[in-house]
Amino acid sequence: MPQIAQLAATYSSQIFWMLLTFGFVFFVIGLGMVPKVQSTVDARDRKIADDLDAAKAGSAAADALEADWRAKENEARAQAQAKLAEAKAKGAKDREAKLAKADAAIGEKLAAAEAVIETGRSKALGEIEAVAAEAAADIVRRLAGAEVSSDAALQAVKAVL
Amino acid sequence: MAESGKIDPMHQFTIEPLFGTDHWAIGGYNIAFTNSALWMVLAVVVLWGFVALGMQRQLVPGRWQMAVETMTGFIDNLLSANVGPEGKKFVPYVFSLFMFILAANLLGLLPLGLFGSHAFTFTSHFTATGVLAILSFSIVLIVGFWRHGFHFFSLFVPHGTPIWLLWLIPFIELVSFMVRPFSLGLRLFVAMMAGHILLEVLSSFVINSANAGPGWGIAIGIPSFLLMVGISALELLVAVIQAYVFALLTSLYINDAVNLH
């Protein structure tokens, strides 16, 4: 077993070179390079965490913005609906008022026309009486030869009519 | 079976000085640049290359950067799960430990025999794993006494110890505590050595049975070879698991030092 057989001859060289090489590994690689590698990893982890945080914040802001926008839109919609209803009500009122006015005007005209007709009719009726009385008196004179006063004729006609 | 004596499954663990450096010494201690040291340096180069290629530090990582970040993240998770938020400070150490052992174990499994060379697994030497184990144990001691002072000794008296057992439990705890560096170092060394011996023994079966004749080659060589394929896959798994176990145990011991019980 060379490990034991050569122990006396080689232990100092083994220990010396082991300390030298492992010392190099520890001081140059372990202390010199490993912290740099780790700092790179840490920087990356931090960057990822920061980016995630930023993305989360952005998402929350977008949500808030959307909620805001939705509320505003709902408000605008409600306002528009209210205006529409108001306009409709106003339009209906206007129309009613106009209709009433027109109705009244028509009624007036109708009444006036009826009055004219009535006067015309009564006037015509009066004229017809007079003509009929004249005609009756004429007929009586011609048939009976009797003179009938126009008043009597008128009375008779009125009774008949 | 005279030939089987030629294939020594332990020979692969022999340490040989390279490039005529066997006379190098500091203060009388030999520090020859051996094949073991060469593979340590190779592990460092591979590990450095792996991490350096993952250092583009881009916001959106490429494949290589992703691989390196996965490894650091893995060690980071291991420590934060076992030690808590204070475990972050130990990431450089445990990462170095885990990746260095992993690189050593995997490089040692390279099939360089195909190209006339030999991979050397320095984690199969307890002189190498012992250094790492003692380093981990020292860190536990230093951190423990630094943070808790003599209160660190309360580690040897677990919560809920009955008073009439106070003469025994601290002794058992002390032994289990002192055994830690050995369990760390020996586990890795034994696991790596056993796997490599197994592969070597099986390959000697293949070679010797084929040399003994076609019948033997088919009867023993082919099943042995198929078994080697499976064991090689298992060894890759063991290479990762042993590195993980070393890092996991170190983080558990650090947890004891940081948080006591």
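All values reported here derive from a predicted model rather than from experimental measurement.
- In this structure, Phe95(B) and Phe26(A) have side chains that are not in contact, with every pair of non-hydrogen atoms separated by 4.5 Å or more.
- Interface remark: of the candidates Thr21(A), Ile15(A), Leu20(A), Val34(A), Thr21(A) forms the most heavy-atom pairs closer than 4.5 Å to chain B.
- Annotation: side chain of Leu109(B) is not in contact with side chain of Asn105(B) (no heavy-atom distance under 4.5 Å).
- Contact of Met193(B) with chain A is made through the side chain alone, with heavy-atom distances under 4.5 Å.
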- Derivation of the ring pair (Phe, Tyr, Trp, His ring centres under 6.0 Å) call for Phe182(B) and Phe126(B): CA-CA 9 Å; Phe182(B) 298 97; Phe126(B) 57 81; over 10 Å; no
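- Ranked by non-hydrogen atom pairs under 4.5 Å with chain A, the options Ser124(B), Gly54(B), Gly73(B) are led by Ser124(B).
- Looking at Phe13(B), the atoms closer than 4.5 Å to chain A (heavy atoms on both sides) sit in the backbone and in the side chain alike.
- When heavy atoms are compared at a cutoff of 4.5 Å, Lys47(A) approaches chain B solely by way of its side chain, counted from C-beta outward.
- With a 4.5 Å cut-off on non-hydrogen atoms, Phe24(A) touches chain B through its side chain but not through its backbone.
- Taking a cutoff of 4.0 Å between a charged side-chain nitrogen and a carboxylate oxygen, Arg77(A) and Glu73(A) qualify as a salt bridge.
- At a 4.5 Å heavy-atom cutoff, the contact between Phe16(A) and chain B is made by side-chain atoms alone.
- Per-residue heavy-atom pair counts under 4.5 Å with chain A were compared for Ala52(B), Gly130(B), Pro61(B), and the maximum is reached by Pro61(B).
- When each of Leu97(B), Leu135(B), Ile197(B) is checked for heavy-atom pairs under 4.5 Å with chain A, Leu97(B) comes out on top.
- At a 4.5 Å heavy-atom cutoff, the contact between Tyr93(B) and chain A is made by backbone and side-chain atoms alike.
- Of the atoms belonging to Ala43(B), not a single heavy atom falls under 4.5 Å from chain A.
- Glu118(A) is listed as a side-chain neighbour of Arg121(A), based on a closest heavy-atom distance under 4.5 Å.
- When each of Val28(A), Leu19(A), Leu31(A), Val37(A) is scored by its heavy-atom pairs under 4.5 Å with chain B, the top score falls to Val37(A).
- A parallel orientation is assigned to the rings of Phe19(B) and Phe33(B), their planes being inclined by less than 30° (bins at 30° and 60°).
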request  = In sequence, state the C-alpha distance, the side-chain angles, and the governing distance for Phe100(B) and Phe122(B), and then conclude on ring pair (Phe, Tyr, Trp, His ring centres under 6.0 Å).
outcome  = CA-CA 11 Å; Phe100(B) 190 49; Phe122(B) 63 84; 5.4 Å; yes
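- In summary, the side chains of Thr40(A) and Glu69(B) do not present any donor paired with an acceptor at a separation below 3.5 Å, with no hydrogens or angles considered.
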